[in-house]
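For reference, the structure discussed in these notes is given below.
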Amino acid sequence: MGAVKISVSEEKLNIAMLSVHSCPIGRIGSKDTGGMSIYIRELSAELGKQGHHVDVFTRAHDPTDSEIREVGQGVRLIHLRAGEVKDIRKTMVYSYLDDFASNLEDFRQSRGLSYDLIHSHYWLSGCVGRLMKELWQVPQMMMFHTLGVVKNATGIGEDEADIRIERELRMVKDCDRIIAATERERDDLINYYHTSPGRVAVVPCGVDLELFHRIDKELARCYLGLDERPTILFVGRIEALKGIDDLLRAMACLKDCERLRLMVVGGDEHSQPELGRLRKLAFSLDIGNSVDFIGMVDQQELPYYYNAADVCVIPSYYESFGLVALESLACGTPIVATRVGIIESLFKYHNAGYIVDDHEPAHLAEGIISVLSNPGLCAEIAKESRAMVASFGWMDVARDINKQYQVMLGCREVLPC
Ligand code: UDP
């Protein structure tokens with residue numbers, strides 16, 4: 001078929017980045033679009049800057065989107081048809097994966113392209129990647145972002161379907177290299193999915209250190225039109241695993257809670273039923289007037305929220321990484337968090353606020369009070385926290401992922417993780 005390489009130079013790679021269900025330029029903070037989209041967007045941009053060519057393939061979901069969009073130096077976003085061109089729940093996407101794979105192959109053939117490797121994100125893209133790997137005879141890197149078995153073990157929210165677990169188990173065996181975002185995720189892959197340790201490398205996610213920076217608190221509050229009340233912040237998708245119920249119950253445990261404000265950032269029109277339930281819960285706990293459900297906020301505006309807040313709470317039951325923790329610390333705001341994702345390792349080396357051992361609202365409340373009532377600690381964290389996150393720039397992430405591409409392609413020996 002006379003495939004042509006697009007390589008900028010011999011050592012530069014042509015990468016097929018698969019993000020089937022979630023568009024990297026989609027509405028971040030909506031029901032199914034969050035940290036993974038940021039990850040793919042930022043990683044691809046950095047790989048592009050480093051001279052690689054990245055085609056990011058996602059499901060066409062908006063009829064006004066063009067098929068191909070240049071999104072950065074060397075990076076194209078390609079919308080492929082798979083099911084109706086509209087937003088659909090990610091649980092529906094599985095039935096369109098064969099269409100997606102066949103349209104991906106048509107796209108490649110019609111343009112005479114070839115790829116050096118496939119980088120799949122989440123199990124749905126993993127399924128497509130596995131098909132393409134066979135067809136193209138190139139290696140596949142897998143990043144799960146969340147794992148079905150671990151999610152089910154939390155007992156929170158709806159159980160993940162058996163097909164997801166079955167497919168994940170198969171992918172772990174068949175793919176060529178796995179990236180875990182934390183040591184914990186690597187352990188989960190070993191313990192629950194029986195992956196051999198040598199096949200998994202730990203490469204943490206990143207944070208945009210230019211965007212997320214310190215802004216004077218009063219200025220940030222003034223920008224958002226906030227009054228003097230001490231402010232507690234939650235940022236994230238609105239879903240059961242994020243533990244927002246516990247945060248509301250923790251607020252209700254706080255003495256004089258009417259003197260405080262909780263801002264809940266995140267959620268789009270598809271999150272309305274859950275947001276409605278949370279609003280009702282807040283009123284039934286008698287804290288309705290202290291909680292503002294802000295909805296989805298553009299990332300460019302988020303630094304104002306982190307800087308306006310006195311503490312950012314991450315009450316999650318499961319995070320594969322937890323970008324919000326890094327973003328808050330990059331803005332100098334302490335966190336109160338459960339032991340999820342990167343948080344445990346952050347607290348191993350730094351005092352970033354308060355770590356809570358369980359999901360007891362009273363313990364979360366204890367954490368919030370211990371931070372709010374300790375201005376000395378807050379000032380110290382504000383001073384030190386940039387250094388805590390300095391090694392998490394996206395350029396470093398891309399450099400480390402590229403090293404793992406080289407290992408996978410057999411150009412390098414396996415590096416210690
Ligand atoms: N986010 C956003 N606007 C919102 C809510 C969240 O831009 O209204 C972003 C937030 O800045 C973070 C990401 O969504 O970068 C959430 O990532 P995280 O790893 O914390 O959670 P995930 O979505 O992966 O569960």
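Remember, it's 1-based here, ligands and their atoms both numbered in the order they're listed.
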Presence of salt bridge, R108 and D55, under 4.0 angstrom: no

Ion pair check, R164 and E168, cut-off under 4.0 Å: yes

Show which atoms of ligand 1 fall inside a sub-4.0 Å distance from at least one heavy-atom site of [X].
X: G266; answer: 8 (O)
X: M296; answer: 8 (O)
X: R237; answer: 22 (P), 23 (O), 25 (O)
X: I28; answer: 1 (N), 2 (C), 3 (N), 4 (C), 7 (O), 9 (C), 14 (O)
X: V324; answer: 20 (O)
X: V235; answer: 5 (C), 6 (C)

Validation row: [X], [Y] side chains within 4.5 angstrom (heavy atoms):
X: N14; Y: Y115; answer: yes
X: I40; Y: T58; answer: no
X: I156; Y: Y318; answer: no
X: I215; Y: P303; answer: yes
X: L248; Y: L262; answer: yes

Inspect the surroundings of [atom1] in [X] and state if more than 12 heavy atoms from other residues, nucleotides or ligands are less than 6.0 Å away.
X: D98; atom1: CG; answer: no
X: E269; atom1: CD; answer: yes
X: F347; atom1: CZ; answer: yes

Check this for me - ligand 1, [X], N or O atoms closer than 3.5 angstrom, yes or no?
X: G34; result: no
X: D298; result: no
X: I38; result: no
X: V265; result: no

Any donor-acceptor pair under 3.5 Å from S328 side chain to T333 backbone: yes

Which residue holds the protein heavy atom closest to [atom], what is that atom called, and what is the gap in Å?
atom: atom 8 (O) of ligand 1; answer: V297 N, 2.8 Å
atom: atom 7 (O) of ligand 1; answer: Q299 CG, 3.0 Å
atom: atom 16 (C) of ligand 1; answer: G35 N, 3.6 Å
atom: atom 5 (C) of ligand 1; answer: G29 CA, 3.5 Å
atom: atom 10 (C) of ligand 1; answer: E327 OE1, 3.4 Å

contact_flag E319 ligand 1 heavy-atom lt 4.0 Å: yes

Test item, K242 contacting ligand 1 (heavy atom, 4.0 angstrom): yes

Side chain, backbone, both or neither: the part of L323 lying under 4.0 Å from ligand 1 by heavy atom: both

